[in-house]
Structures are given as C-alpha cells and as structure tokens.
Amino acid sequence: MYTFDISTGSKAALYRDILSAIDAITAGEPDAIANMANAAAILWEYLPDLNWAGFYRNLNEELVLGPFMGKAACIRIPLGKGVCGAAAATRATQLVEDVHAFPGHIACDVASRSELVVPILDGERVVAVIDLDSPTPARFDREDAAGVEAIARLLSDRVNR
Ligand code: SME
C-alpha cells in the first residue's frame with residue numbers, strides 16, 4: 001500500500017505534493033503503462049471536482065486511449081481533433097473553460113464542462129497527453145495548467161517505454 005502526504009492548503013502546495021507523489025511512485029519503473037496508471041490514480045484521487053483523468057498515447061500519429069480514471073472513453077482521436085488532438089498537434093496546453101464553445105470538442109462524457117489537456121513532450125515528439133475533465137465550467141486555471149505541465153515534464157522519460 002502507498003500512502004501520500006498531500007497538502008490541500010493551496011493549489012501550489014497541492015500540485016507540489018502531487019508532483020512529488022507521482023515522482024516517488026514512477027521513479028525507477030521503466031514500464032510506461034504502469035507509470036501512467038499510477039499517475040492517473042493519483043491525479044484522480046487528489047484533484048477535486050474531476051469526472052475524468054488520464055492519458056492518451058501518441059501511437060503512429062494517432063492518439064490512443066491510455067490508463068485513466070472515470071467513465072469509459074473514446075479510444076482513438078486523430079491529431080488535430082478535439083481538445084486532446086489540438087494539444088498534440090500544437091504541442092501546447094489547451095485550457096478550455098467551456099467545452100461546448102470549443103470547435104470539435106469530443107464529448108466522451110456528457111457531464112464534462114471544462115477541460116485541461118497538456119502534452120508530454122520528448123524533445124519535439126509528443127509522447128502522450130494528460131487529459132483532465134471537470135463537470136464544472138472553468139474548473140481549471142493557469143495554476144492548474146502549470147501544475148500539470150510540471151507533471152508532464154517529470155513523466156516525459158517515464159511514459160515512453
Ligand atoms: N474531450 C476530449 C476527448 C477525450 S475525453 O474527454 C476523455 C477531446 O475533445 O479531445
């Protein structure tokens with residue numbers, strides 16, 4: 001059993017502790033799926049107000065569903081399609097306050113109202129994306145984006161084998 005000491009005092013402290021928990025549990029483990037699975041579990045357990053948290057992997061320039069927590073989701077997303085595909089195609093974080101206003105948003109769970117997708121890069125290559133969905137409009141802000149971007153940097157060489 002793993003136990004983590006996660007502070008909920010401020011968003012910065014929350015992301016600092018989530019990063020350190022994901023660091024601890026993925027350090028030294030070479031299997032990408034195992035590392036994504038544990039990272040998804042930690043994000044899901046400690047980030048409030050989510051209805052989906054997980055990964056899509058970039059396999060031959062197509063996003064394929066990876067480890068996640070939440071409802072069963074769409075399996076394959078072409079680069080450039082939806083919020084995940086936009087993050088992968090542009091290699092840039094997508095912070096979407098209202099998914100209904102995002103052209104081409106893919107509704108895997110009708111409850112989703114806002115979304116944060118962060119690419120995991122290995123140099124120029126997009127290895128995967130981290131996708132967080134919330135039932136609350138504008139759930140995510142720049143602090144969430146920065147927190148998840150730090151997690152993406154940590155995972156860069158831990159989710160590509
Ligand atoms: N909404 C995403 C699809 C993935 S699900 O939210 C899990 C998108 O538009 O890319």
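Every number for a ligand or one of its atoms is a count from 1 in the order of the listing.
- Considering every non-hydrogen atom in both V126 and A88, the closest pair reads CG2-O, 3.4 Å.
- Below 3.5 Å of separation, one finds no N or O of A73 facing any N or O of ligand 1.
- Between F102 and ligand 1 there is no heavy-atom distance shorter than 4.0 Å.
- Among I75, L132, V96, I106, the residue whose heavy atom sits closest to atom 3 (C) of ligand 1 is I106.
- Protein heavy atom nearest atom 6 (O) of ligand 1, with residue, atom name and distance: D133 OD2, 2.9 Å.
- One finds a salt bridge joining D23 and R158 here, because a Lys/Arg side-chain nitrogen approaches an Asp/Glu carboxylate oxygen to under 4.0 Å.
- Contact detail for I25 and N35: the closest heavy-atom pair is O-OD1, 4.3 Å.
- The G82 neighbourhood of ligand 1 comprises atoms 9 (O), 10 (O), with distances under 4.0 Å to a heavy atom of that residue.
- Close approach to D131 involves these atoms of ligand 1, each under 4.0 Å from a residue heavy atom: 4 (C), 5 (S), 6 (O), 7 (C).
- The closest protein non-hydrogen atom to atom 2 (C) of ligand 1 is E115 OE2, 3.1 Å.
- The protein atom (non-hydrogen) at minimum distance from atom 10 (O) of ligand 1 is C84 N, 2.8 Å.
- Tested against Y56 for a side chain to side chain contact (heavy atoms under 4.5 Å, CB included), the candidates V117, V64, L63 yield a single pass: L63.
- For a threshold of 3.5 Å applied to N or O pairs, the pair formed by W52 and ligand 1 contains no separation below that value.
- At under 3.5 Å, not a single nitrogen or oxygen of K81, backbone or side chain, sits near a nitrogen or oxygen of ligand 1.
- Between F68 and W52, the angle of the ring planes stays under 30°, which puts this pair in the parallel group of the 30/60° scheme.
- Of the protein's non-hydrogen atoms, the one nearest atom 8 (C) of ligand 1 is V83 N, 3.3 Å.
- Each of the atoms 1 (N), 9 (O) of ligand 1 lies under 4.0 Å from some heavy atom of H105.
- Interatomic distance, K71 NZ to D109 CG, rounded to the nearest 0.5 Å: 4.5 Å.
- Ligand 1 has no nitrogen or oxygen under 3.5 angstrom from a nitrogen or oxygen of C108.
- Contact of the V96 side chain with the R113 side chain is not registered, since no non-hydrogen atoms from C-beta on lie closer than 4.5 Å.
- For the pair E143 and K11, the salt-bridge criterion is not met [side-chain N within less than 4.0 Å of a carboxylate O].
- If you look at F68 next to ligand 1, there are no close heavy atoms at all, none under 4.0 Å.
- Each of D131, T136, D133 was evaluated against S112; a single residue qualifies, D133, per the side-chain hydrogen bond (donor to acceptor under 3.5 Å, both in side chains) test.
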